[in-house]
Amino acid sequence: MEIDPLIFRLSIFILSIFVGYYVVWSVTPSLHTPLMSVTNAISSVIIVGAIIAGLSGNSDSVFNTSSVFGFLAIALAAINIFGGFLVTQRMLAMYKKKKKDK
Amino acid sequence: MISLNLSAIFYLISGVLFILALRGLSSPETSRQGNLFGILGMIIAITVTFLLVGNFSTGFIFVLIFILLGGSIGAFIAYRIPMTAMPELVAGFHSLVGLAAVFVAISAFLNPEAFNLGTKGNIKLGSLIEMSIGAAVGAITFSGSIIAFLKLQGIMSGSPIVFKGQHPLNALILISIIILIYLLCASQSSNLFWILLAVSFLIGFLLIIPIGGADMPVVISMLNSYSGWAAAGIGFTLENTALIITGALVGSSGAILSYIMCKGMNRSFFNVILGGFGATDSTSSSSNKEQRPVKSGNADDAAFLMKNASSVIIVPGYGMAVAQAQHALREMVDTLKKNDIKVSYAIHPVAGRMPGHMNVLLAEANVPYDEVFELEEINNDFANADVAFVIGANDVTNPVAKTDPQSPIYGMPVLDVEKCKSVLFVKRSLSPGYAGIDNDLFYKENTLMLFADAKKMTEDITKNL
């Protein structure tokens, strides 16, 4: 009997929670806001599901109910991806160290 | 066209890059590089998906159009948003993640063939369970974040909305969601799927309305966590490693942030979630209010005190953000530093409306991050400092949290501001903070109240220095 692939995915999931736990505790508190905006951006990797849905129509009919929801999800996720990464970049660029020269 | 196995490896790589993106945030120096890792991971995931589906026909053009459409909106927002509005922005973004998860679940439910999940009306049981969990959590994230957004934006009142039977109602709805998922899996009925979504939107709404405006740091972190679990649920449905890893990362990140915020207020997570804080306390405290003498001063007095100090600690709070006083504050500090006065900033974990909010505002005003300290790092320094300058903070400085076991904020970690030789407290009036309790600090011998708008007062002090 083979192991259900679900078990492998579950293993990845559980281990990733642990990785997340340790990685996030090591994030310095002053960067908690960028942490939230970047997690926002990366959770929008859900766009891969939206793309599959959007491409599901055949060449005769690009739009069916399923693909329309896909396209809408693509737009929403894209707002988050671009918005999330760019606003994080903008914030991180502001964090500067004390100038040494006086 | 690439094989499923190859694509799975690339998805794994983007998952690892996302881990590195979070890892980079352990210090400001590595953070920018971390963000680039994140962007790279996203590009890989999207490219691989195109190659995997391998359908470069008309649909592909539309996908690109929608990416560009969403992308330009996102980029526009990212460049225009003022830093004071970050909490609203993040809440808004959470709602989009939630809604996107719902939409993906809907398209997978309507067209399971495209996702290899079986046929319509006969979806694989495992996938259907994962899909409905992802959709339900996504819907809760969406409506909850919308309420959080409206409260933060001030469109909706920040005061908690409570009514009789609220908790039993919520519990009932949550149980009904579980029953609905069970029935949906048994019957594959699309009607049940829509009902499940509707009920989930409703509970998201009901869960957030009783939570007060100042508890928003916890709410935002919690919704951050939800958006991750929603993504993970969809990741299981699509059998996509990148999504599963990311969902787990984001889920635990949000959970940790909620924990840190709750600890900063010395309240249990359930206490915050059940809501209503601050709604009942205000009445009892106003009844036994007594008139106590307060020393108030003007910008001239404050400037005099600071000029003669050798070290000053600044305690910023949400009021600074509201008054947009961070730039004026930075100018004042520049002047102080020219007079060889040592200045540092003390930040309470729950200052502001989201985790790390004050740090971003100070960074925006060009305050070097190595002058900004967390509560534990700086709390012992107050005893040796000459002046504490409290601007827009209140409850987080209240010594009552250490002395009065009757107080609602007793046990909350507070900044030991009262140990300073003198305290300057910029505030518009003597009104209590959000916890609805009087701050003992106002009436201390060594406290000088500066009644004015934070920005105007700071500018006036700079002129007098």
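Reminder, nothing fancy here: chain letters follow the sequence lines and each chain counts from 1.
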Please classify the contact of [X] with chain A as side chain, backbone, both or neither, using a heavy-atom distance under 4.5 Å.
X: Arg80(B); value: backbone
X: Ile106(B); value: side chain
X: Ile67(B); value: both
X: Phe76(B); value: neither
X: Glu113(B); value: neither
X: Glu374(B); value: side chain
X: Ser14(B); value: neither
X: Ile81(B); value: both
X: Leu257(B); value: side chain
X: Val372(B); value: neither
X: Leu238(B); value: side chain
X: Tyr259(B); value: side chain
X: Ser27(B); value: backbone

Report yes or no: does [X] contribute a side-chain atom to a donor-acceptor pair with the main-chain N or O of [Y] at less than 3.5 Å?
X: Asp370(B); Y: Lys97(A); answer: no
X: Ser66(A); Y: Ser107(B); answer: yes
X: Thr33(A); Y: Gly356(B); answer: yes

Chi angles and distances behind the side-chain contact (heavy atoms from CB on, under 4.5 Å) call for Ser44(A), Val97(B): CA-CA 6 Å; Ser44(A) 300; Val97(B) 178; 3.9 Å; yes
Working to the nearest 0.5 Å, report the span between [atom1] of [X] and [atom2] of [Y].
X: Leu76(A); Y: Phe142(B); atom1: CG; atom2: CZ; value: 8.5 Å
X: Leu52(B); Y: Ile51(A); atom1: CG; atom2: CD1; value: 11.0 Å
X: Met94(A); Y: Tyr369(B); atom1: CE; atom2: OH; value: 15.5 Å
X: Ser43(A); Y: Leu243(B); atom1: OG; atom2: CG; value: 9.0 Å
X: Ile43(B); Y: Phe85(A); atom1: CD1; atom2: CZ; value: 8.5 Å
X: Ser30(A); Y: Asn359(B); atom1: OG; atom2: CG; value: 5.0 Å

Mind ranking [options] by heavy-atom pairs under 4.5 Å with chain B and telling me who comes out on top?
options: Val23(A), Val48(A), Leu86(A), Thr88(A); value: Val48(A)
options: Ile17(A), Val24(A), Val45(A), Val68(A); value: Val45(A)
options: Val87(A), Asn80(A), Leu15(A); value: Asn80(A)
options: Phe8(A), Trp25(A), Phe18(A), Tyr22(A); value: Trp25(A)

Do you know which of [options] has the most heavy-atom pairs under 4.5 Å to chain A?
options: Val63(B), Leu17(B), Ile19(B), Leu110(B); result: Val63(B)
options: Ile244(B), Leu89(B), Ile347(B); result: Ile244(B)
options: Leu12(B), Leu362(B), Val250(B), Asn240(B); result: Val250(B)
options: Pro28(B), Gly59(B), Pro355(B); result: Pro355(B)
options: Ile46(B), Leu249(B), Leu96(B), Ile220(B); result: Leu96(B)
options: Asn111(B), Ile260(B), Ile256(B); result: Ile256(B)

Toward chain B, the part of [X] with a non-hydrogen atom under 4.5 Å:
X: Ile81(A); result: side chain
X: Val38(A); result: side chain
X: Ile14(A); result: neither

Has [X] got more than 12 heavy atoms of other residues, nucleotides or ligands less than 6.0 Å from its [atom1]?
X: Phe10(B); atom1: CZ; value: no
X: Ile7(A); atom1: CD1; value: yes
X: Lys96(A); atom1: NZ; value: yes

Which heavy atom of [X] sits nearest a heavy atom of [Y], and at what distance?
X: Ala248(B); Y: Phe13(A); value: CB-O, 3.6 Å
X: Val104(B); Y: Ala73(A); value: CG2-CB, 3.9 Å
X: Tyr21(A); Y: Ser252(B); value: N-OG, 3.7 Å
X: Ala114(B); Y: Ile52(A); value: O-CG2, 3.6 Å

Derivation of the side-chain contact (heavy atoms from CB on, under 4.5 Å) call for Phe93(B) and Ile79(A): CA-CA 8 Å; Phe93(B) 278 175; Ile79(A) 295 179; 4.1 Å; yes
Could you tell me if the side chain of [Y] sits less than 4.5 Å from the side chain of [X], heavy atoms only?
X: Leu25(B); Y: Leu92(A); value: yes
X: Leu35(A); Y: Ser253(B); value: yes
X: Met36(A); Y: Met86(B); value: no
X: Met91(A); Y: Glu364(B); value: no
X: Ser26(A); Y: Arg23(B); value: yes
X: Glu239(B); Y: Leu6(A); value: no
X: Met354(B); Y: His32(A); value: no
X: Val360(B); Y: Tyr95(A); value: yes

Ser227(B)-Asn40(A) side chain donor-acceptor pair, cut-off 3.5 Å: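 Note: Ser227(B) and Asn40(A) side chains miss the donor-acceptor criterion.
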Residues Phe50(B), Leu55(A); criterion side-chain contact (heavy atoms from CB on, under 4.5 Å); working and verdict: CA-CA 9 Å; Phe50(B) 282 137; Leu55(A) 292 178; 4.2 Å; yes
Phe71(A) and Phe62(B) aromatic ring geometry - parallel, tilted or perpendicular at 30°/60° bounds: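 Geometry flag for Phe71(A) against Phe62(B): tilted rings.
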